[in-house]
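First the structure, in the form of structure tokens, and then the observations on it.
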Amino acid sequence: MRTFRLRNALSATAIALSALVTGLTATQALADADIKLVIENHKFTPAEIRVPAGQKIRIVIDNRDATPEEFESATLRAEKIIPGKSKGMVIVGPLKPGKYPFFGEFNEATAQGVLIAE
Ligand SMILES: [Cu+2]
């Protein structure tokens with residue numbers, strides 16, 4: 001009985017430890033700030049991205065449209081042409097807290113978004 005209880009206690013500890021490790025991994029992923037942005041029908045999804053301030057942010061842009069798009073932002077100092085049906089990547093930051101609008105230069109009427117560093 002005593003051994004059984006000990007074993008249960010140990011497996012509970014193992015579960016707690018693995019939860020802790022998972023928690024750390026999630027925090028680390030946030031620190032890496034790898035953002036995925038989709039372009040579809042000349043719109044960005046998500047149109048609003050929240051990222052931690054003071055970190056380098058890697059934005060992977062998946063252009064699912066058949067036509068090229070240019071991710072552009074003056075405040076982020078980023079400009080990247082992504083051909084149709086392909087992916088592109090921009091690295092921005094570290095950013096001060098604030099709002100950083102971006103747009104698709106080839107479809108500016110619909111392709112609008114904002115990155116919020118906080
Ligand atoms: Cu441009």
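Start at 1 and go down the list; that is how both ligands and their atoms are numbered. Since this is a predicted model, take the numbers as computed values, not measurements.
- Closest approach between the Cu ion (ligand 1) and any N/O/S atom of Glu79 involves OE2.
- A distance-only check finds no donor-acceptor pair linking the side chain of Asn107 to the backbone of His42 [under 3.5 Å].
- Atom OE1 is the N/O/S atom of Glu105 found closest to the Cu ion (ligand 1).
- Between the side chain of Lys85 and the main chain of Arg64, a donor-acceptor pair closer than 3.5 Å is present.
- No donor-acceptor distance shorter than 3.5 angstrom exists from the side chain of Asn63 to the backbone of Lys87, with no hydrogens or angles considered.
- Computed with the Cu ion (ligand 1) at the centre, the Glu70 OE1 to Glu72 OE1 angle is 100°, stated to 10 degrees.
- Between the side chain of Glu69 and the backbone N or O of Glu105, at least one donor-acceptor pair lies under 3.5 Å.
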